[in-house]
Amino acid sequence: MLNQPQQQAVKLTDKPLLVLAGAGCGKTRVITEKMAYLVHQGICRPESIYAITFTNKAAKEMQARAIKLVNGGEVLNVSTFHALGLRILQQEIKHTAYERGFSILDTSECQKVLQELLPKGLKKEISNQLQWQLSGWKNAALRPEEVNSTVPMAVEIYQSYLDYMVSINAMDFDDLILQALWLLNKQPEVLNRWQSQIGYLMVDEYQDTNASQYLLLKKLMGTGSHLTCVGDDDQSIYGWRGAQAENLQLLQHDFPDLEVIKLEQNYRSTSTILDAANAVIQNNPHPFEKKIWSDLGQGDAIQILSYPNAETEAEQVVADISFNQKVNKKNFNDFAVLYRSNHQAKLLEQALRLNNLPYQMSGGRSFFDYSEIKDLMAYIRLLVNPKDNAAFLRVINTPKRGIGMQTVQQVSALSKRLNKSFFVACSDNQGLSHLSEHAQSRIKPFVHMIQQHQTMKESAEVVVTSLVKQLDYVNYVNHSANNKVAKINKVKLVQDFLKWINALGKSQHLAIDELLNYLSLQTSQDDQTKEDAIKMMTLHAAKGLEFEHVYLVGVEEGILPHANSLADVDQEASAVEEERRLMYVGMTRAMQQLKISYVKKRKKRFPEEKVVSAGGPSRFLDEIPHELSNGHPSVKRSAEDQKVNNKKNFAAIKALLGD
DNA sequence: TGGGGTGATATTTTT
DNA sequence: TATCACCCCA
């Protein structure tokens, strides 16, 4: 049964609508119910309803829920922002500077491309910074000529990066949004087509949109009123990625007849947890007043615990979970341990393993970060897009086939002379004759092998399996790893990849380019088997999820809020506000029980295990009203202590940056 | 020319 | 705890 404001939100279909939904207030439910309402009332056909999420997982879940509610729900368009951009670009490819089969490069591949474009003498270190800068401009939907930078060189590189990416027929993640936007801006008839195709648009986690996503959204809407955005400014935690919660206000400005509906009744947590979370988030400025509540009873007090060191923290948390699980006959699924950054998971993992408890980590290192998977992806990219120089360079000597720098340089020169991509230049027999004997003899078999697979008409999994076999890739992996454990893991990794592709191929017939697109937009293996296991993840990864028992670990100054958010004096206020929202997100994941811990001494990770004093309990702990927690340590820091700590952190950061 | 070995070096959050 | 740059050997 929907409550009053939820029903309002579902039934309001003739005006643009912003739903401000607190954590756990049923926002996804509103979207799925609204899709059903639109279809069943005959307002929209399912295929003209578009719903946008930020993660694949959310999209999949929403799709599944919608199918249960909507007749013909299979044809609803539920996708991530990036997948929608991809779809537009692919469908309208002839109106762009790109060609069919363009590659999508992940962040690290793009960085390599960028490094190639850096003028000589510029060191690798700045490429990372530069990449952030370019991404920032792209997220703000700025063309090079619109950029106002104190560093003209950076703008030049931006332009050459855009040009180079077109020349190798490749896009980065930001391009999927940006190029789609630029296309719609430029081609009125394309815009028309899409505007009429989209009967109703819904956006989940709206507070996470960046400028270019917002512009795309607005473009697709036109003057239409068929828009529902659902979001929560208090859960905006992707500011570092260009997300601007101000888009909530922008919506009001750009759509004057916008209706705003608030969802404040929470169906997830006890009132103790919600009151505490409200108290914490109250310390941030609020453009929209909102206070979530529930009638699920008071429940347990929040526990705030301190431990001498991180090892003890991990042991105790694990012991507590183990005890609780046995005594109260809970599922492991009911427990989650949340932390600010990935490396904090290590000690917890050790403790869980020591105790033989099942656990599942999400986030962290993605499947696609492993070099073996990247190699195979690059091979597939080269099959689909022969212009993909980045892929060519990655695989040309992996596995080793006696092609080194010298040969690659010859190829590079040849490609310049012919004005063709590396691979295409190498497929040109006449051109090849200019290379050295040695180079020719090594390049030719490689080219043949790729060409042979390019022309295969079979479905994707057959092509990939054949490719891996012909590369003798498993054997290569087996010989390349030094350590035995790594060896076994990496072989398993490759086999898992093949298994995954084969399973995929069985459920739906995919051509190789379709497979590549699918894989390129996957980040981690979202399709993990749902076993009964303790969940471990970062606070970012936890958004949208809920657990009966939540453990928030390492809630210390310097970790949450993160040291980097304290370092930059100019941005301190807004950076700390985002950290506070992270805290808020973490707290509101808990349904029944919330346990927060911090440690007194924490080992620095590098250079050597050195004991340094931790930053002390987080300022956010002071913001939790005492009557809602027990076991609250009385070591409340004075304002002076905090200042000293901040200064120390700041000095440490400065020293690190060599400032 | 390529391959392999050895030190230094860096870790916030992710589509 | 890896990865990467660099250097030396076949």
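Letters go in sequence order (proteins before strands), and every chain restarts at 1.
Taking atom CD on A/Q409 and atom P on B/dT1, their separation rounds to 9 Å, with Å as the unit. Remark: C1' of B/dT13 and CG of A/L338 are 13 Å apart, rounded to the nearest angstrom. One atom, CD1 of A/I396, and another, C1' of B/dT1, lie 15 Å apart when rounded to the nearest Å. Taking atom CZ of residue A/R394 and atom P of nucleotide C/dT3, one finds them 11 Å apart after rounding to whole Å. What separates CD1 of A/I559 from P of B/dT12 is a distance of 12 Å, to the nearest Å. The interatomic distance linking A/N128 (CG) with C/dC4 (C1') rounds to 14 Å, in whole Å. As a whole-Å value, the separation of A/Q111 CD from B/dT14 C1' is 15 Å. Summarising the geometry, the separation between CD on A/E349 and P on C/dT1 is reported as 12 Å, rounded to the nearest angstrom.
Closest to the side chain of A/S341, from the set B/dG2, B/dT11, B/dT12, is B/dT12. Listed nucleotides: B/dT15, B/dT13, B/dG2. Nearest to the side chain of A/H82: B/dT15. Distance from the side chain of A/A541 is smallest to B/dT14 among B/dT14, B/dT1, B/dT11. Candidate nucleotides B/dT15, B/dT13, B/dG4 were compared by shortest atom distance to the side chain of A/K400, and B/dG4 ranks first. When distances run from any side-chain atom of A/Q406 to the nucleotides B/dT14, B/dG2, B/dT15, the shortest one goes to B/dG2. Comparing B/dG3, B/dT11, B/dG2 by their nearest atom to the side chain of A/H438 picks out B/dG2.
Phosphate contact (OP1/OP2 of B/dT14, side-chain N/O of A/T538, threshold under 4.0 Å): present. Between A/T407 and the phosphate of B/dG2, there is a side-chain N or O to OP1/OP2 separation shorter than 4.0 Å. Phosphate proximity of B/dT15 to A/N210: absent, as no side-chain N or O sits under 4.0 Å from OP1 or OP2. For the pair A/K346 and C/dT1, the criterion of a side-chain N or O lying under 4.0 Å from OP1 or OP2 is met. Between A/N342 and the phosphate of B/dT14, there is a side-chain N or O to OP1/OP2 separation shorter than 4.0 Å.
Closest-nucleotide positions on DNA chain B for A/E578 and A/R401 were compared, and the one nearer the 5' end corresponds to A/R401. Ranked by how close their nearest DNA chain B nucleotide is to the 5' end, A/Q410 and A/F54 are led by A/Q410.
Remark: A/R241 is positioned above the aromatic ring of A/Y238, its terminal NZ or CZ atom under 6.0 angstrom from the ring centre and at most 45 degrees off the axis.
Sorted by first and then second residue, the salt bridge (Lys or Arg N to Asp or Glu O under 4.0 Å) pairs involving residues 202-220 of chain A (not counting sequence neighbours) are A/K27-A/D204, A/K27-A/E205, A/E205-A/K543, A/D208-A/K543, A/K218-A/D254. Screening residues 406-415 of chain A for side chain to side chain donor-acceptor pair (under 3.5 Å), with sequence neighbours left out, gives A/Q410-A/S436.
Side-chain N or O atoms of A/Y370 include none that pairs as donor or acceptor with a backbone N or O of A/V494 at under 3.5 Å. A donor-acceptor contact shorter than 3.5 Å links the side chain of A/E578 to the backbone of A/G239.
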Show the distances under 3.5 angstrom between N or O atoms of the protein and N or O atoms of nucleotides 8-10 of chain C.
none

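When the side chain to side chain donor-acceptor pair (under 3.5 Å) test is applied to A/K374, the partners found at least two apart in sequence or on another chain are A/S108. For A/D174, there are no salt bridge (charged side-chain N to carboxylate O under 4.0 Å, His left out) partners, not counting sequence neighbours. The side chain to side chain donor-acceptor pair (under 3.5 Å) test applied to A/T588 returns no partner, not counting sequence neighbours.
The stacking criteria are not both satisfied for A/F81 over the base of B/dT15, which would need a centre-to-centre distance under 5.5 angstrom and an angle between ring planes under 30 degrees. Stacking annotation: A/H562 is stacked on the base of B/dT12 (ring centroids less than 5.5 angstrom apart, interplanar angle below 30 degrees).
Among the protein residues, A/D174 comes within range of no part of the nucleic acid, since none of its heavy atoms lies under 4.0 Å from any strand. Here A/F173 lies in heavy-atom contact (under 4.0 Å) with a base.
Note on ring orientation: taking the six-membered ring where Trp is involved, the planes of A/Y473 and A/Y476 are tilted (angle from 30° to 60°).
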